[in-house]
Amino acid sequence: MAAARRAGDWRRTHTCGELRPAHVGQTVTLNGWVHKRRDHGGIYFVDLRDRYGLTQVVLGAQFSEALKLSGEDVIGVTGTVVVRDASNVNKERETGAIEVVAESLAILSKAKTPPIDVAASELPAVDTRLKYRYLDLRRPALQKNLIHRARLISAMRAAFERESFVEVETPVLTKATPEGARDYLVPSRVHPGSFFALPQSPQIFKQLLMVAGMDKYFQVARCFRDEDLRADRQPDFTQLDMEMSFVEEEDVFAVWERVLAATFREAMGIELVTPFPRLRHAEALERYGSDKPDVRFGLELVDVAAWAKKTEFKVFLGALERGGRVLGLNAGNVAFSRKEIEEGLNAVAALGGAKGLAWWKADAGGGTGSLARFAAGPLAGELMQLLSAKSGDLCLFVADAQSVARKSLNEVRLHLRAKLNLVDPKHYAFTWVTHFPLFTYDEDAKRWFSEHHPFTAPEDWALGGPGADPGQLMSRSYDLVMNGWELGSGSIRIHRSEVQERVFEILGIGPEERQEKFGFLLEALSYGAPPHGGFALGLDRTAALTAGLDNIRDVIAFPKTASAADLMCQAPSPVRPENLAEVHIQLAGQALTRAAKGAAAAADLTPK
RNA sequence: GGGGACGUAGCUCAAUUGGUUAGAGUACCGGCCUGUCACGCCGGGGGUUGCGGGUUCGAGUCCCGUCGUCCUCGCCA
């Protein structure tokens, strides 16, 4: 306690966020960064900042060295807590009723003029923020995000432990997989010419843990995929990964519903409604045009093909003749100008590939818009009934190949969500999307690919029998979708080696490759594997979405740029020739010239 | 790999049709001020206009290339 303190001890007794009028009269020591300094000549005010808050420190005229303080200096201040006059209370701050009158000051560390002004409200460019991430992270908003993320993870961990799940770590240096995303490779020094891969997910290991009888496994797992980035994708990311034995879909759903309900309650004070609705993949596409629909609002897609056939509208009829669809949605009674529709909304629909967007201001008398002259007479009333439209409602249509029509109207739907303020951002609507196709055919590669991954169980264990069309097979995979974001996916797995062999066969993975890449899994499945299934939740996305962010960058302490580089530590970077030699690698092509340039640039950085 | 936007002082931005010495706010440095909390006032330093080339009497501005950042399509089992 205070009695044990030596004079001149700069170590803090309190944080910058905790002093209140109850502490008045106490001698305290605070540590932190100089957030702002106000020099009034003879009296100086310093707002001292740490993770917990801001406290105003008052320095009298005797502190001449206070004049040397500047932003982001690190100091220790010992002084007395005093209550402020009523006229001087700062109601904006939790510590605004008191201040600390300094008796001694220790400058622990000086700061150069920082490239990021932590106290400013306007943000520097993203690359500056990433290069000086440790400064950006001093901003309370970012610290809040990281703390939010930590609370989510902590609550999930506790919830899984209550459910008797065991946290098990799996290797980061593992085996390259032929299917799926591009692997990050790590050369082996000990085995010349051989490479580890960083895991895209712990998929196979968690299945082996089920074979091992662990029954219920979970892990906060780092995953790596060497693919191009997006606002919601980083090359290294984190999943809350789990797997359980002797289960079917509903068992996995039930665990996650309990875990997420507990997590949202404990970390955010939000009560989720469970069970989450289940939506078949085909139905999601038909009603929303997307396999990750935002179900918080309507504007659902309507098939108007039967109606279109009664018209003489060549665009609609032509699309149907070519085997396409005519889909529409009712945007409601919205005040859009002709220009907003024909240029604005049209451009939105074009994002989905639509060549045009037909529109109609509904009215039983024929209405207005590009569709009006084809909606004369009784056709007007019929169309209104189809779209549940009232007079004055704006209806939008795309006629094209099914995938284009759906994708385009999905774009329109999401555009209207923002434009018309159709959703409450604090409303979290989860949906399980089920019954995905097992395989999709790739026209370029001329072969079948797993829609989810090759270990996903088919609905029909016999896989349709010999000669069956793989495109007709349903899988037992599922996605969890929240507010239009895919938060995670999982499946019931194949636990029988002969079924797994058959899937590899359909995928065109021959017996030799099967044995080489997956022999250990097939063998494991042959020693008595329990039926099992699991799921992995994208933690970055979950944290971002629940923090009200549309980019995962700001819930990651040290994120990478769109070109998968770390601007702060300048990774990736060339390495010395001897390092390459150790791992038996020789550079070729543009890698040679690039590496030479990189080495030259590094040499320029040596002090002059 | 494709498309779009951007790159000017430490930071955020401005700079007319291609035209004189590239400006402002903020930060920083110095001076003044005993109650501020975005303190105020006075003064000062600070620029390879991302980099390279071209057109021009003249380029921050126009053209070509290149590097980087963001968004996006492809990609992401």
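These numbers were taken from a predicted model, which means no experiment stands behind them. Every chain is numbered from 1, with letters handed out A, B, ... down the list of sequences.
- Of all the residues in residues 548-568 of chain A, A:Asn551, A:Arg553, A:Thr561, A:Ala562, A:Ser563, A:Leu567 reach under 4.0 Å from RNA chain B with at least one non-hydrogen atom.
- Residue contacts for A:Gln200: at a heavy-atom cut-off of 4.0 Å it reaches no nucleic acid atom on any strand shown.
- As judged by a 4.0 angstrom heavy-atom cut-off over every strand, A:Ala231 is placed among residues touching the sugar-phosphate backbone only.
- Counting only residues at least two apart or on different chains, the side chain to side chain donor-acceptor pair (under 3.5 Å) pairs with a member in residues 109-124 of chain A are A:Asp73-A:Lys110.
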Exercise. Give the B/S/- string for nucleotides 36-45 of chain B, one per nucleotide from 5' to 3', where a protein heavy atom under 4.0 Å of the base yields B, of only the sugar-phosphate yields S, and otherwise -.
Key: BB-B------

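- If you check B:A59 for Watson-Crick or wobble pairing at under 3.5 angstrom, you find it has no partner at all.
- Comparing the P positions of B:C39 and B:C28 gives a spacing of 10 Å, expressed to the nearest Å.
- Interface remark: the A:Arg225 side chain does not form any donor-acceptor pair with the B:C76 base, using a distance-only criterion of under 3.5 Å.
- As a whole-Å value, the separation of A:His35 NE2 from B:A27 C1' is 14 Å.
- Among the protein residues, A:Lys131 comes within range of no part of the nucleic acid, since none of its heavy atoms lies under 4.0 Å from any strand.
- One interatomic measurement links the two molecules: CG of A:Asp228 to P of B:C70, which rounds to 12 Å at whole-angstrom precision.
- The nearest whole Å value for the distance from the NZ atom in A:Lys112 to the C1' atom in B:C29 is 16 Å.
- A search for side-chain contact (heavy atoms from CB on, under 4.5 Å) contacts involving A:Pro115 returns A:Thr128, A:Tyr132, A:Leu135, not counting sequence neighbours.
- On the P atoms, B:G53 is 25 Å away from B:U16, given to the nearest whole Å.
- Rounded to an integer number of Å, the gap from NZ of A:Lys110 to P of B:A27 is 16 Å.
- Residue A:Ile43 has its side chain nearest to B:G35 when only B:C73, B:G35, B:C29 are considered.
- Taking only side-chain nitrogens and oxygens, A:Arg230 comes nearer than 4.0 Å to OP1 or OP2 of B:C73.
- Using C1' as the reference atom, B:G19 and B:G65 are 27 Å apart when rounded to the nearest Å.
- B:A14 and B:A9 are spaced 12 Å apart, taking the P atom of each and rounding to whole Å.
- Rounded to a whole Å, the CG atom of A:Asp232 is 12 Å from the C1' atom of B:C71.
- On the P atoms, B:G50 is 46 Å away from B:U34, given to the nearest whole Å.
- Of all nucleotides present, only B:C32 satisfies the Watson-Crick or G-U wobble test against B:G40, with each distance under 3.5 Å.
- In this structure B:A24 sits in a base pair with B:U12, meeting the Watson-Crick or G-U test at under 3.5 Å.
- Side-chain atoms of A:Arg93 never come within 3.5 Å of backbone atoms of A:Thr55 as a donor-acceptor pair (strictly under, hydrogens ignored).
- B:G68 atom C1' lies 12 Å from atom CG of A:Leu130, rounded to whole Å.
- When the P atom is compared between B:A27 and B:U72, the two are found 34 Å apart, to the nearest whole Å.
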Exercise. Let me have a per-nucleotide readout for nucleotides 3-13 of chain B, 5' to 3', with B, S or -, counting only protein heavy atoms under 4.0 Å.
Key: -------SSS-

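- The C1' atoms of B:G4 and B:G47 are separated by 30 Å, rounded to the nearest whole Å.
- Nearest-nucleotide mapping onto RNA chain B: of A:Arg233 and A:Gly42, the residue sitting toward the 5' end is A:Gly42.
- Using atom C1' as the reference point in both B:G35 and B:U21, the two lie 44 Å apart (nearest Å).
- Between the A:Arg84 side chain and the A:Ile98 main chain, a donor and an acceptor come within less than 3.5 Å of each other.
- Sequence neighbours left out, the pairs with a member in residues 439-451 of chain A that pass side chain to side chain donor-acceptor pair (under 3.5 Å) are A:Glu179-A:Arg447.
- Under the Watson-Crick and G-U wobble criteria, each requiring two contacts below 3.5 Å, nucleotide B:G65 is paired to B:C51.
- Within 4.0 Å of A:Gly71, counting heavy atoms only, lie sugar-phosphate atoms of the nucleic acid but no base atom.
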